[in-house]
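Everything below concerns the one structure shown next.
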Amino acid sequence: MGKPQNITLKEAAGLIQDGQQITFGGFTIWRRPMAFVYELIRQGKRNLHLLEVNGGTHSEILIGAGCVSIWESCWSGHELYGKLGEMVADRHVNGGMIVEDYSHGHMVARILAGAYGLPFFPSAQSLGTDLLNPEFDSLGRAGLRDGSHPKIPRKKYEFAPDPFYDRGELLLLPAANPDWAIFYASQVGEEGTVRVNVQTYADSEVIKAADKVIVLAEEIVPESYLRLEPEKNIAAGYAINYLIKLPWAAHPTGSQGFYDVDADFIRTFYRASKSQETFDRWADEWIFDIPDHERYLQKLGIGRLENIRANPVLGYSTRQKRGTR
Amino acid sequence: MGKPQNITLKEAAGLIQDGQQITFGGFTIWRRPMAFVYELIRQGKRNLHLLEVNGGTHSEILIGAGCVSIWESCWSGHELYGKLGEMVADRHVNGGMIVEDYSHGHMVARILAGAYGLPFFPSAQSLGTDLLNPEFDSLGRAGLRDGSHPKIPRKKYEFAPDPFYDRGELLLLPAANPDWAIFYASQVGEEGTVRVNVQTYADSEVIKAADKVIVLAEEIVPESYLRLEPEKNIAAGYAINYLIKLPWAAHPTGSQGFYDVDADFIRTFYRASKSQETFDRWADEWIFDIPDHERYLQKLGIGRLENIRANPVLGYSTRQKRGTR
Amino acid sequence: MALNKLSVAAYSYSPMDLLAVAAAREVRDGDIVFTGTGLPMLAIMLAQHTHAPNSVCIYEAGSIDGRPLDLPTSVGDARCAYQSAVISGLTETLYGQLHCGYVDLAFLGGAEIDKYGNVNTTVLGDYNNPLKRLTGSGGNPDVNSQARRTVYIMVQEKRRFKEQVDYITAPGWRIRKWPGGEYVHRREVYGKYFRGGVEAVISNMAVFRFDEEGVMYLDTVHPGFTVADVQAHCGFELNVSRVKGETLPPTQEEIDLLYQVIDREGIFLP
Amino acid sequence: MALNKLSVAAYSYSPMDLLAVAAAREVRDGDIVFTGTGLPMLAIMLAQHTHAPNSVCIYEAGSIDGRPLDLPTSVGDARCAYQSAVISGLTETLYGQLHCGYVDLAFLGGAEIDKYGNVNTTVLGDYNNPLKRLTGSGGNPDVNSQARRTVYIMVQEKRRFKEQVDYITAPGWRIRKWPGGEYVHRREVYGKYFRGGVEAVISNMAVFRFDEEGVMYLDTVHPGFTVADVQAHCGFELNVSRVKGETLPPTQEEIDLLYQVIDREGIFLP
């Protein structure tokens with residue numbers, strides 16, 4: 001396998017084919033590979049099957065831009081900065097995208113099964129809910145569970161008995177092995193060793209579960225530095241296929257140790273996401289009218305970036321005003 | 001749940017009841033709670049059901065002393081210092097203990113299922129081997145798989161189809177939830193936060209899988225120190241029931257960062273373990289004739305301990321002569 | 001800390017303050033608490049500062065027993081992790097901690113709740129043709145289904161307290177046994193995996209609990225409201241036969257802790 | 001590094017040296033190698049120092065791509081972990097790496113091997129009434145069953161190279177399909193989980209490989225031995241029709257690396 005191949009953002013986004021299944025690293029509004037999402041949109045990708053442990057600002061933008069035809073996850077929104085995932089909501093209510101709902105624990109089980117090369121993972125979480133209502137199996141209703149789609153399991157879930165301790169039935173959740181994981185990393189070594197700061201979310205599992213992995217690195221650092229504390233690293237270089245060095249690549253989502261969530265940016269996007277028309281205007285301004293990541297940063301401006309820059313000891317911004325006091 | 005209760009070695013060993021199922025932290029000849037094993041033997045425990053991810057010097061000593069009536073694991077020996085587990089071998093050949101063989105991957109699956117509160121864990125490892133031969137199901141042959149023994153599953157393993165991706169059958173391995181985990185930790189905080197140095201083995205899983213957990217800590221350190229780098233810790237204080245501070249408690253097994261394996265000590269034990277008679281003489285000298293851990297250390301002597309003391313930068317001894325050059 | 005009723009008159013408090021305080025009082029000392037963003041964070045921190053100093057907080061994104069210097073605004077926030085015992089990820093929190101059985105108490109929220117404590121955060125109307133899509137389940141049903149006790153924090157509105165929710169996102173006391181879908185008691189669905197369930201619902205007007213059949217009843221009414229007020233803001237006929245009286249208002253000490261220590265930036269309590 | 005046959009005459013080497021070198025040559029550059037204690041460590045390190053600088057080593061106890069300063073004597077040794085890319089534990093190595101499908105090559109050992117490459121490290125005689133108990137399986141069968149290629153390193157003795165092993169600890173090319181127990185090709189047992197199998201066996205006398213049916217054949221004979229010598233130390237009739245010639249002996253550079261760099265303390269190579 002060897003080391004990851006260095007590549008540009010444009011080249012990397014060009015590798016994703018219409019119709020493929022993709023997933024992302026990060027959590028809600030944290031460590032999302034936003035620069036990559038913008039570039040996917042610029043390149044006009046269509047019919048992506050987005051399967052993710054949870055959604056967030058990145059999903060809303062990608063879905064709003066019409067790139068996604070199937071979304072499997074458990075949640076979309078912007079945390080405090082816009083509670084509803086308006087674009088997921090719009091597609092669910094008005095059509096245009098298949099929404100397949102699982103719980104968070106189910107999605108983690110699916111990615112973990114994929115990471116471990118298992119066909120399923122057991123769970124007793126969320127029994128008795130409408131997540132399990134057979135009438136609400138959206139991919140099944142769409143006729144996509146016939147075994148001819150290699151990334152879509154024949155069933156949404158299965159009940160399994162306990163042959164060992166008579167504990168009764170629990171769920172088996174189908175593995176997820178997306179074609180691509182696109183991943184934002186805090187630091188990557190010269191040979192591809194990956195570190196993420198603070199909470200690790202489902203990041204190590206996402207990398208393993210995907211067939212191929214593209215990493216956007218906030219910074220490239222000496223391998224020997226990362227290898228002094230290997231407890232803090234989540235993947236070796238051989239697990240990564242392509243590597244892009246791109247500072248601020250997670251903006252407006254937060255990257256612990258580098259920058260906080262750009263709350264105002266997300267709030268503004270959230271308001272724009274309440275109709276397709278305002279979304280489209282927002283997308284013109286922040287995606288289509290901007291040729292690349294460097295111009296995006298220029299447009300944001302140094303003041304905005306400095307405001308969210310993390311205090312290096314605490315890992316978060318001590319400048320951004322958060323409340324009323 | 002709260003913080004662990006401080007307790008003496010004698011009190012802690014006194015909590016283990018004859019016939020209970022126990023497991024240990026550590027790996028082969030590393031980070032084994034040896035002082036506790038000695039004390040179990042001094043207290044004359046009988047009919048223990050030892051279920052462990054892998055065996056080692058500690059298992060051999062406990063089995064040689066007649067404390068164990070069921071051993072479920074995958075391996076016993078002393079690595080380079082005595083390849084065969086003579087006591088497991090003796091009991092398997094001559095009787096006196098039920099030996100239930102799984103593979104290492106199966107045992108990890110069992111402890112992991114136990115840790116996650118699942119009844120089983122799937123695996124495609126070691127298919128086609130005699131580990132799965134129904135005639136070699138020792139607990140089944142002994143009539144112990146009738147559901148009346150809460151720690152013994154009704155089946156050694158089960159085959160399960162893949163309802164999702166048509167990948168065919170794989171194994172389900174039954175969870176293990178021992179009554180007790182006895183665990184040696186490199187460092188424990190004042191409130192019970194647990195750190196182990198370097199490889200983590202199945203340590204975090206063993207703590208979770210057991211009903212109750214006894215930790216022998218090489219040293220107690222300030223919580224705030226361990227919490228500066230929470231990535232390096234494996235359990236919070238609420239996961240631990242009892243805590244014993246006991247330096248050198250893993251001797252003669254190694255504890256990375258503190259001391260290396262005492263190779264000569266294990267070699268000597270290994271030779272003694274080749275017959276019950278020589279084992280008994282060894283046990284008199286090193287267990288029964290020694291009232292407590294302090295006298296054990298005195299008997300070892302400062303020269304021996306200094307020889308294996310770890311270089312604090314490298315984590316292993318640079319004094320112990322290892323080869324011929 | 002003894003609650004001092006006599007101090008009440010001397011200061012004012014907002015409905016949010018009372019919600020936070022009432023939720024905090026559900027924490028027992030030593031509880032391992034699984035908590036989401038917002039008001040639940042205030043509640044667990046207030047409990048830790050008052051009667052439950054040994055309670056411990058797990059945040060879904062990976063931090064276990066953190067001791068934040070500054071109030072987090074998301075469970076993914078680095079602020080959660082400061083001086084935590086363990087930093088990990090979702091597999092650890094959802095399976096290694098939650099499924100494993102460590103969690104005593106969960107604080108959750110919802111858009112709709114019904115008289116059995118079933119909560120909806122997914123859709124209004126028919127799932128296959130919804131009137132409105134909400135955020136989706138997140139970890140709400142997982143945490144609720146495996147914590148020993150769950151407390152929901154809700155806005156008291158007629159449209160939110162319903163006879164039956166449109167979609168059972170998180171399981172209350174009377175839920176559906178799949179694949180058939182018949183409604184049965186939670187105990188019957190969870191079997192050996194049953195550990196407890198929804199213990200209380202705290203709204204801006206009252207505290208609710210559940211009887212032996214898993215039906216919601218009114219427990220206490222917040223100061224300034226009457227039983228009739230609560231019934232008027234509830235979409236089903238409420239069992240008011242067990243009302244114990246008034247919800248204990250916040251003490252000055254609690255208010256001071258909330259405004260001067262826990263949320264001193266004025267994020268959730270402006 | 002080009003192997004230089006001409007340098008052979010100028011120095012001597014032991015059977016262990018040749019074993020280590022022959023094993024090292026099975027490593028392809030870029031391979032992810034799962035390795036146990038002892039000779040396999042010498043082999044992977046030698047390969048990394050010579051023709052396979054981009055190969056990577058995973059040790060079962062938890063270290064991934066370590067760069068030891070000093071030769072480890074156990075996979076649990078802190079020496080394994082020095083400058084590793086990731087430090088983890090058994091769940092990660094056995095499921096996150098091995099079951100996940102990252103592992104290209106495994107080096108393993110065994111007490112007995114049969115003509116199908118089945119290996120026994122458990123018992124001699126009947127499992128339920130054994131003549132001798134060995135160490136047990138350890139991770140041997142797991143690693144063998146999921147690496148794309150496995151190389152066994154064995155002592156060449158008639159009693160160790162058997163027509164059929166007493167107990168199949170680790171799966172070769174013709175194994176038992178449970179629950180029935182009928183002997184079938186490995187491919188049939190593993191189905192979609194099939195990734196490969198035993199590729200070579202290296203003893204102190206020869207290198208063996210497997211034909212399309214999964215039957216062992218003699219590939220090369222170490223210098224100083226004849227085909228007849230090997231057959232005399234093999235408990236079953238050996239297919240010698242494919243013998244390619246002599247095993248390439250170690251070069252001076254390889255010997256120097258083994259004695260002066262990799263095992264400079266003389267642990268495995270006294």
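The structure presented is a predicted model; accordingly, all values stated were derived computationally and were not measured. We name chains A, B, ... by the order of the sequence lines, and we start the count at 1 in each one.
Contact annotation: the side chain of I175(D) never approaches that of Y183(D) to less than 4.5 Å [non-hydrogen atoms, C-beta and beyond]. Here the side chains of P141(D) and L131(B) are in contact, with some heavy-atom distance below 4.5 Å. The side-chain heavy atoms of S84(D) and I64(D), taken from C-beta on, include no pair separated by under 4.5 Å. By the 4.5 Å heavy-atom criterion applied to side chains, I70(B) and L144(B) are counted as neighbours.
Looking only at atom types and distance, the side chain of Y59(D) has no donor-acceptor partner in the side chain of D77(D) under 3.5 Å away. Side-chain N/O atoms of E199(D) and T150(D) include no donor and acceptor closer than 3.5 Å. Using modelled atom types, one finds a donor on one side chain and an acceptor on the other under 3.5 Å when comparing T28(B) with E79(B). Under 3.5 Å, the side chains of N197(B) and Q256(B) contain no donor-acceptor pair of N or O atoms.
Most heavy-atom pairs under 4.5 Å with chain B, from the set H99(D), K132(D), Q146(D): that is H99(D). Looking only at heavy-atom pairs under 4.5 Å with chain D, the residue among Y316(B), Y165(B), F27(B) that has the most is Y316(B). Here L132(B) is the residue among L132(B), I234(B), V198(B) with the most heavy-atom pairs under 4.5 Å with chain D. Between chain B and the residues K177(D), R186(D), K192(D), the largest count of heavy-atom pairs under 4.5 Å involves K192(D). Between chain B and the options G38(D), A61(D), G89(D), the largest number of non-hydrogen pairs under 4.5 Å is found for A61(D). Taking chain D as the reference chain and counting heavy-atom pairs below 4.5 Å, the highest number among P134(B), C74(B), S138(B), G315(B) is found for C74(B). Counting heavy-atom pairs closer than 4.5 Å to chain B, the top-ranked of the candidates G36(D), G62(D), S88(D) is S88(D). Between chain B and the residues L94(D), V189(D), V75(D), the largest count of heavy-atom pairs under 4.5 Å involves L94(D). If you tally non-hydrogen atom pairs under 4.5 Å between each of V93(B), V108(B), L127(B), T200(B) and chain D, the highest count goes to L127(B). Ranked by heavy-atom pairs under 4.5 Å with chain D, the list M107(B), E205(B), E169(B) is led by E205(B). Chosen from I267(D), I87(D), N128(D), the residue pairing most often with chain B at heavy-atom distances under 4.5 Å is N128(D). Ranked by heavy-atom pairs under 4.5 Å with chain D, the first of G168(B), G95(B), S123(B) is S123(B).
When heavy atoms are compared at a cutoff of 4.5 Å, F268(D) approaches chain B solely by way of its side chain, counted from C-beta outward. Heavy atoms closer than 4.5 Å to chain B are found nowhere in T93(D), neither backbone nor side chain. Both the backbone and the side chain of D166(B) come within contact range of chain D, judged by heavy atoms closer than 4.5 Å. For chain B, the nearby part of L131(D) is the backbone; its heavy atoms alone come within less than 4.5 Å. For chain B, the nearby part of S145(D) is the side chain; its heavy atoms alone come within less than 4.5 Å. Only the side chain of V123(D) comes within less than 4.5 Å of a heavy atom of chain B; its backbone N, CA, C and O stay farther away. Only the side chain of R141(B) comes within contact range of chain D, with heavy atoms under 4.5 Å apart. Heavy-atom distances place both the backbone and the side chain of A109(B) under 4.5 Å from chain D. Of the two parts of Y201(B), the backbone and the side chain both hold a non-hydrogen atom closer than 4.5 Å to a non-hydrogen atom of chain D. Residue Y102(B) touches chain D through its backbone alone, counting heavy-atom pairs closer than 4.5 Å. Only the backbone of T169(D) comes within contact range of chain B, with at least one heavy atom under 4.5 Å from a heavy atom of that chain. For N120(D), no part lies under 4.5 angstrom from a heavy atom of chain B. Contact annotation for V99(B): both backbone and side-chain heavy atoms come within less than 4.5 Å of a heavy atom of chain D. With a 4.5 angstrom heavy-atom cutoff, R264(D) touches chain B only via backbone atoms. Only the side chain of Y82(D) comes within contact range of chain B, with heavy atoms under 4.5 Å apart. Y81(B) touches chain D through its side chain: at least one heavy atom from C-beta onward sits under 4.5 Å away, while N, CA, C and O do not. Neither the backbone nor the side chain of N140(D) comes within less than 4.5 Å of any heavy atom in chain B. Heavy atoms closer than 4.5 Å to chain D are found in both the backbone and the side chain of L84(B).
R176(D) has no carboxylate O lying under 4.0 Å from a charged side-chain N of E182(D), or vice versa, which leaves the two without a salt bridge. At a threshold of 4.0 Å, the pair R160(D)-D114(D) does not count as salt-bridged, since none of the basic side-chain nitrogens sits closer than that to a carboxylate oxygen.
Ring centers of Y95(D) and F121(B): under 6.0 Å apart, within the cut-off. The aromatic ring centroids of W173(D) and H185(D) lie less than 6.0 Å from each other. Residues F24(B) and H58(B) place their aromatic rings such that the two centres sit under 6.0 Å apart.
One finds the CD1 atom of I63(B) at 12.5 Å from the CD atom of E86(B) (value rounded to the nearest 0.5 Å). Taking CG from L50(B) and OG from S76(B), the interatomic distance works out to 9.0 Å, rounded to the nearest 0.5 Å.
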(message) Please evaluate residues D211(D) and K115(D) with respect to the criterion salt bridge (charged side-chain N to carboxylate O under 4.0 Å, His left out), reporting the C-alpha separation (whole Å), side-chain torsions for both, the decisive distance (0.1 Å), and the verdict.
(response) CA-CA 11 Å; D211(D) 65 21; K115(D) 66 178 176 180; over 6 Å; no
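Y270(B) does not carry R267(B) over the face of its six-membered ring by the limits of under 6.0 Å from the centre and within 45° of the normal.
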